[in-house]
Amino acid sequence: MSELRRDILSLSTGPNRTVAEYLAKHSPTFVRLEAVRKKGWDNPEGDRYWQNRREQSDTATEVAAQAFYDMTKQIAEEMQAKTSALTPGDLGVQPFQVLDICMAPGGFTWGTLKCNLDAIAYGITLPPEIGGYKNWFTLSAEYVKFMDITMLASEFGIGTIPTSHLDHSLFLTERPFVDHGFQLIFCGGAVLRTMQRIIPGGTIAVLLRRPDAWDVVHLLRQFNSFANIQLFKPYKKHAVRSTFYLVAKNVQPEAESVNAALEEWKKSWSRATFGGDKETGEKDPDMDVEAVIKVLAEFGPKLIELAIPVWKIQADALERQDFTKTRNDGRKKHPYWAKKRG
């Protein structure tokens, strides 16, 4: 299934549909993006494009892995140029420390140390032998932990793991770097771990997908209650994809709204990991439509303001792809497949 098709199907029911209907009424930019997404969905060449990208990722060579590292370095530089996220200042605490959760291949750590020469970097990343990327930016052993952060049960206040769980032996009680205070944290969605380690006034950068998905809308609203937030999407790298970064500055981890968010995230992880009759996980229940409408009435205008640049970059990039164009639109076609070299 192509990424465009998966996005459209996953957002066609429940709270996601309510969000989409609201945005369709209030944002021409969102309407434009949805239209070009649908063109890609309706064209079989779109499926071949995404299949080709998946195959390239699954068969990554050393050269491709190096290119991925270089790409993350370029994204870090662009993020800094557009948001100044990598230079939050020492905030009155020495030394300046940065934590990169899901660190590999290491481009964001590289970028941070380039901008902050005296900074100390720490990282947590998935070992390559269980599916993680190669870590190209080397840190000494005491500064990087190779582990699966989704198995850190103690982070969520879980003391006893059900013996019936298939992965019972894989859960960890370690809480890496929890006694450190960080001015800057990068993560790929592990927001609870970041809030337990960021210092007041610090910056958090979170990789997310689709600012129009309900769970993302809800998360953005939560962060907006205890930080100054903006959204960043690279202009060229992954421009056709729905990914973007939440950049939250001046984070206040002791705010009252943070406590409520932490409790919600803990319950959600516990339900996803141990919920259900078999204690192997279940989905969170859908939010009531009326509750979603209430959130949109309050946060919807801010959401649109934040997301318009993200939607515009993706729409522009998709419109340049061959699989979103009709045969008679008069525009020059560009091949969607990767050119062979040599």
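Both backbone and side-chain heavy atoms feed into the values below; hydrogens, waters and symmetry mates do not.
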Check: Are F146 and M151 connected in the hydrophobic side-chain network, where two residues link if heavy atoms are under 4.5 Å apart?
Finding: yes
Next item on the list: List the steps, then state whether salt bridge (Lys or Arg N to Asp or Glu O under 4.0 Å) holds for E78 with K237.
Entry: CA-CA 10 Å; E78 187 178 347; K237 307 301 179 182; over 6 Å; no
Check: What about I185 and V144, same hydrophobic cluster or not, with Ile/Leu/Val/Met/Phe/Trp/Tyr joined at side-chain heavy-atom distances under 4.5 Å?
Finding: yes
Note to self: If you define the side chain from C-beta out and look only at heavy atoms, does anything of R197 sit under 4.5 Å from Y122?
What the structure shows: no
Next item on the list: Mind telling me whether F226 and F223 have parallel, tilted or perpendicular rings, with 30° and 60° as the class edges?
Entry: tilted
Check: If you take all heavy atoms of F177 and F182, which pair is closest and at what distance?
Finding: O-CE1, 3.8 Å
Next item on the list: On the 0 to 90° scale, with breaks at 30° and 60°, tag the F68-Y133 ring pair as parallel, tilted or perpendicular.
Entry: tilted
Item checked: Student check: side-chain heavy atoms of F137 and L113 closer than 4.5 Å -> yes
Notebook entry, point to check: Does some side-chain heavy atom of F108 sit less than 4.5 Å from a side-chain heavy atom of L207?
Noted result: no
Notebook entry, point to check: Checking K134 against W136: charged group under 6.0 Å from the ring centre and within 45 degrees of the axis?
Noted result: yes
Next item on the list: Evaluate the side-chain proximity of Q222 to E264: yes if any heavy-atom separation is below 4.5 Å, no if none is.
Entry: yes
Next item on the list: Determine the minimum heavy-atom distance between I313 and K233, stating which atoms define it.
Entry: CD1-O, 3.3 Å
Margin query: If the threshold is 4.0 Å, N to carboxylate O, is there a salt bridge linking K25 and E21?
Written below: no
Notebook entry, point to check: How about L220 and L231: do any of their side-chain heavy atoms sit closer than 4.5 Å?
Noted result: yes
Checklist line | Name of the residue among L296, V289, V295 meeting side chain to side chain contact (heavy atoms under 4.5 Å, CB included) with I293 | finding: V289
Next item on the list: State, with a plain yes or no, whether a side-chain heavy atom of V251 is found less than 4.5 Å away from one of M195.
Entry: yes
Check: Which pair of heavy atoms, one from Q230 and one from L306, lies closest together, and at what distance?
Finding: CA-CD2, 3.9 Å
Check: Thinking salt bridges, do E34 and R210 make one under a 4.0 Å N-O criterion?
Finding: yes
Check: Going by heavy atoms in the side chains, are W110 and T72 under 4.5 Å from each other?
Finding: no
Checklist line | D70-Q74 side chain donor-acceptor pair, cut-off 3.5 Å | finding: no
Note to self: For a quick test of reading the model, state the closest non-hydrogen atom pair linking P95 to I120 and the distance between them.
What the structure shows: CG-CD1, 3.6 Å
Item checked: Smallest separation among heavy atoms of A121 and T109, with atom names -> CB-CG2, 3.6 Å
Checklist line | Salt-bridge contact D316-R32 (side-chain N to carboxylate O under 4.0 Å) | finding: yes
Check: Picking from V191, T194, T125, I204, what satisfies side chain to side chain contact (heavy atoms under 4.5 Å, CB included) with I101?
Finding: T194
Check: P253 and I198: which non-hydrogen atoms are nearest, and at how many Å?
Finding: CG-O, 3.6 Å
Notebook entry, point to check: So do the side chains of L152 and P176 get within less than 4.5 Å of each other, counting heavy atoms only?
Noted result: yes
